[in-house]
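Numbering of ligands and ligand atoms starts at 1, following listing order.
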Amino acid sequence: AKSDGKDRYVVYTTSSLENMMEEYRLEADLRGALEKREFTLHYQPQINNTTGEVIGVEALIRWNHPELGLLSPDRFISLAEKNGLITQIGEWVIEEACIQNKKWQDAGGKPVKVSVNMSTQQFLTKNTISLVKNVLERTGLAPEHLVLEITEYMALEYDSSFLVLDELRASGVGISIDDFGTGYSSINYLKQFRIDYIKIDKSFVREILHDPNDAIIVNAIISLAHNLNMQVIAEGVETSEQLDFLIRQNCDVTQGFFFSKPLTAEEIEKSYIRPQAN
Ligand code: C2E
Ligand code: CA
Ligand code: CA
Ligand code: CA
């Protein structure tokens with residue numbers, strides 16, 4: 001405990017102090033991480049429930065920290081959002097994902113869409129549209145092979161979202177609503193925005209067989225999406241029972257540990273994109 005000089009005491013537990021120190025250190029290290037090329041993308045396959053074929057991969061960032069090892073995004077994305085670095089990191093992610101997918105396509109791999117997570121901050125910068133168009137032009141990736149994952153919050157909170165999403169879609173890029181059902185409860189925007197995919201959050205999938213309410217919600221999301229001409233991707237699918245349930249409900253696409261955890265570019269190419277070339 002330390003005195004703040006006004007007869008009050010601020011108590012830090014060891015662990016919260018450690019957390020603060022670590023955050024401080026990570027934030028300092030984060031500033032150099034892009035230049036030092038310490039970020040890497042892992043890819044998780046998305047499987048079409050009807051054909052069993054891979055139709056897409058979600059790009060998920062990792063930070064190869066020189067001392068702490070491979071860090072998951074939960075350790076640093078919110079920090080990057082706080083200090084503004086997320087804009088540059090996000091640009092790197094889009095470019096890297098497009099370059100990688102273009103390489104796979106050029107090498108005769110299965111045509112897959114690569115999905116990229118957009119942070120709110122990044123989405124709101126005025127140049128999102130030109131950034132995406134420039135990256136597609138530079139890398140030569142067909143717009144149909146890129147999907148941007150945004151959250152309900154981004155779609156709803158800002159008046160200009162409508163225009164941005166519309167223009168992106170007009171250019172051929174796919175739009176996906178991530179973590180659907182966990183944030184805003186208003187679903188009115190679904191009819192205004194032309195969205196391609198809804199991703200059912202893994203918190204619903206987890207209890208799908210045990211909590212009747214979750215099953216009802218998932219069922220309703222799927223009907224709603226289909227009536228609005230959207231496809232449904234279930235994330236966090238870990239068991240064959242969950243998969244069977246989702247298939248019975250006509251869910252279109254599955255992503256989760258049941259098929260595969262996120263893999264390095266080399267691993268996913270070998271197992272999913274060019275399995276014949278082993
Ligand atoms: P998300 O977009 O909801 O991504 C899905 C997360 O669930 C990933 O965690 C993935 O590894 C994990 N996951 C996949 N299948 C399963 C499963 O069957 N069971 C369980 N329990 N989890 C599963 P990850 O890679 O740690 O990413 C966490 C979050 O970090 C992401 O959640 C996303 O919001 C954010 N993120 C990841 N990459 C990026 C990025 O490039 N940019 C931004 N802005 N955010 C990112
Ligand atoms: Ca996502
Ligand atoms: Ca999620
Ligand atoms: Ca998320």
Side-chain angles (χ1 to χ4, degrees), residues 30 33-34 38-47 54 56-64 69-101 113-125 128 131-132 135 146-155 174-183 195-209 218 221 232-243 245-246 251 253-265 267-268:
L30 200 54
L34 258 183
E38 289 171 356
F39 294 113
T40 181
L41 294 181
H42 283 190
Y43 299 88
Q44 189 175 36
Q46 301 174 318
I47 308 296
V54 61
V57 295
E58 179 175 3
L60 295 156
I61 194 170
R62 272 89 183 99
W63 177 10
N64 209 339
L70 206 63
L71 302 182
S72 78
D74 293 333
R75 297 276 293 278
F76 61 89
I77 286 291
S78 63
L79 273 181
E81 274 166 348
K82 264 186 253 162
N83 68 17
L85 282 173
I86 191 67
T87 314
Q88 283 162 275
I89 296 174
E91 284 182 29
W92 176 83
V93 172
I94 295 190
E95 173 136 18
E96 176 69 16
C98 290
I99 290 173
Q100 185 56 258
N101 199 12
K113 295 173 191 282
V114 67
S115 291
V116 170
N117 291 283
M118 296 279 277
S119 87
T120 308
Q121 258 193 52
Q122 188 189 2
F123 182 69
L124 288 179
T125 57
T128 301
L131 168 80
V132 171
V135 169
L146 176 65
V147 174
L148 301 176
E149 296 196 1
I150 67 165
T151 63
E152 293 170 271
Y153 179 78
M154 295 181 216
I175 304 290
S176 184
I177 299 285
D178 207 357
D179 302 341
F180 187 80
T182 60
I195 288 158
D196 305 274
Y197 307 95
I198 283 180
K199 294 189 83 170
I200 300 181
D201 191 64
K202 54 179 179 288
S203 58
F204 294 111
V205 173
R206 195 183 307 127
E207 294 298 320
I208 211 172
L209 299 166
V218 165
I221 294 174
V232 180
I233 301 174
E235 69 171 25
V237 177
E238 297 183 355
T239 69
S240 63
E241 289 80 11
Q242 290 168 339
L243 177 60
F245 179 93
L246 287 159
C251 176
V253 178
T254 300
Q255 186 183 339
F257 296 165
F258 176 69
F259 285 113
S260 172
K261 62 179 187 157
L263 301 170
T264 65
E267 288 168 335
I268 198 143

Check: If you measure only the distance, is there a donor-acceptor pair under 3.5 Å linking the side chains of Q121 and E81?
Finding: no

Checklist line | Interatomic spacing from CD in E235 to CG in D201 - rounded to 0.5 Å | finding: 5.0 Å

Notebook entry, point to check: Where on R62 is there a heavy atom closer than 4.0 Å to ligand 1, on the side chain, on the backbone, on both, or on neither?
Noted result: side chain

Margin query: Quick check on contacts: which atoms of ligand 1 are under 4.0 angstrom from a heavy atom of G236?
Written below: 16 (C), 17 (C), 18 (O), 19 (N)

Notebook entry, point to check: CZ of F204 to NZ of K199: how many Å apart, nearest 0.5 Å?
Noted result: 14.5 Å

Next item on the list: Indicate, as side chain, backbone, both or neither, the part of L41 found under 4.0 angstrom from ligand 1 when only non-hydrogen atoms are considered.
Entry: neither

Next item on the list: Would you indicate whether the side-chain heavy atoms of W92 and I61 approach each other to under 4.5 Å?
Entry: yes

Item checked: Aromatic plane relationship, F76 with W63 - under 30° parallel, 30 to 60° tilted, over 60° perpendicular -> perpendicular

Next item on the list: Examine distances only and state if a side-chain atom of T128 and a backbone atom of F123 form a donor-acceptor pair shorter than 3.5 Å.
Entry: yes

Notebook entry, point to check: With backbone taken as N, CA, C and O and side chain as the heavy atoms from C-beta onward, which portion of I61 lies under 4.0 Å from ligand 1: side chain, backbone, both, or neither?
Noted result: both

Check: Rounded to the nearest 0.5 Å, what separation is found between the CZ atom of R62 and the CG atom of L71?
Finding: 10.5 Å

Checklist line | Interatomic distance, L146 atom CG to I175 atom CD1 [nearest 0.5 angstrom] | finding: 8.5 Å

Checklist line | Contact check: G256 vs ligand 1, nitrogen or oxygen atoms, below 3.5 angstrom | finding: no

Note to self: Taking N, O or S atoms only and a limit of 3.0 Å, check whether N117 reaches the Ca ion (ligand 2).
What the structure shows: yes

Check: Relative to ligand 1, is Q44 under 4.0 angstrom through side chain, backbone, both or neither, heavy atoms considered?
Finding: side chain

Check: Is ligand 1 under 4.0 Å from a heavy atom in the side chain of P262, in the backbone, in both, or in neither?
Finding: side chain

Margin query: Taking 4.0 Å as the limit for heavy-atom contacts, which would you say applies to Q122 with ligand 1: side chain only, backbone only, both, or neither?
Written below: neither

Notebook entry, point to check: Counting heavy atoms only, which part of E58 comes closer than 4.0 Å to ligand 1: side chain, backbone, both or neither?
Noted result: side chain

Note to self: Could you identify the N, O or S atom of E149 positioned closest to the Ca ion (ligand 2)?
What the structure shows: OE1

Note to self: Quick check: of its N, O or S atoms, which one does D201 have closest to the Ca ion (ligand 3)?
What the structure shows: OD1

Check: Side chain, backbone, both or neither: which part of K202 has a heavy atom under 4.0 Å from ligand 1?
Finding: side chain

Notebook entry, point to check: Would D179 count as a contact for the Ca ion (ligand 3), in the sense that one of its N, O or S atoms lies under 3.0 Å from it?
Noted result: yes

Check: Of all the atoms in ligand 1, which lie at a distance below 4.0 Å from a heavy atom belonging to V237?
Finding: 18 (O)

Checklist line | Approximate separation, where rounding is to 0.5 Å, of E91 CD and L131 CG | finding: 5.0 Å

Note to self: Would the distance check show the side chain of Q242 and the main-chain N or O of E238 forming a donor-acceptor pair, the cut-off being under 3.5 Å?
What the structure shows: yes

Next item on the list: Provide the atom name of the closest N, O or S atom of E58 relative to the Ca ion (ligand 2).
Entry: OE2

Next item on the list: Heavy-atom contacts with P73 under 4.0 Å: which atoms of ligand 1 show up? List them by number with element.
Entry: 24 (P), 25 (O), 26 (O), 27 (O), 28 (C), 30 (O), 36 (N), 37 (C)

Next item on the list: Write the atom name of the N, O or S atom in D178 that is nearest the Ca ion (ligand 2).
Entry: OD2

Next item on the list: Could you name the option among D74, N117, V93 that has the heavy atom nearest to atom 42 (N) of ligand 1?
Entry: N117

Item checked: Side chain, backbone, both or neither: D179 near ligand 1, heavy atoms under 4.0 Å -> side chain

Note to self: Looking only at N, O or S atoms in E235, which is nearest to the Ca ion (ligand 3)?
What the structure shows: OE2

Margin query: Side chains of Q255 and Q46 only: does a donor on one sit below 3.5 Å from an acceptor on the other?
Written below: yes

Next item on the list: Report, in ascending order of atom number, the atoms of ligand 1 lying under 4.0 Å from any heavy atom of E238.
Entry: 17 (C), 18 (O), 19 (N), 20 (C), 21 (N)

Note to self: Side chains of I77 and S119, heavy atoms from C-beta outward: is any pair under 4.5 Å?
What the structure shows: no

Note to self: Distance check, rounded to the nearest 0.5 Å: K261 atom NZ versus L263 atom CG?
What the structure shows: 6.5 Å

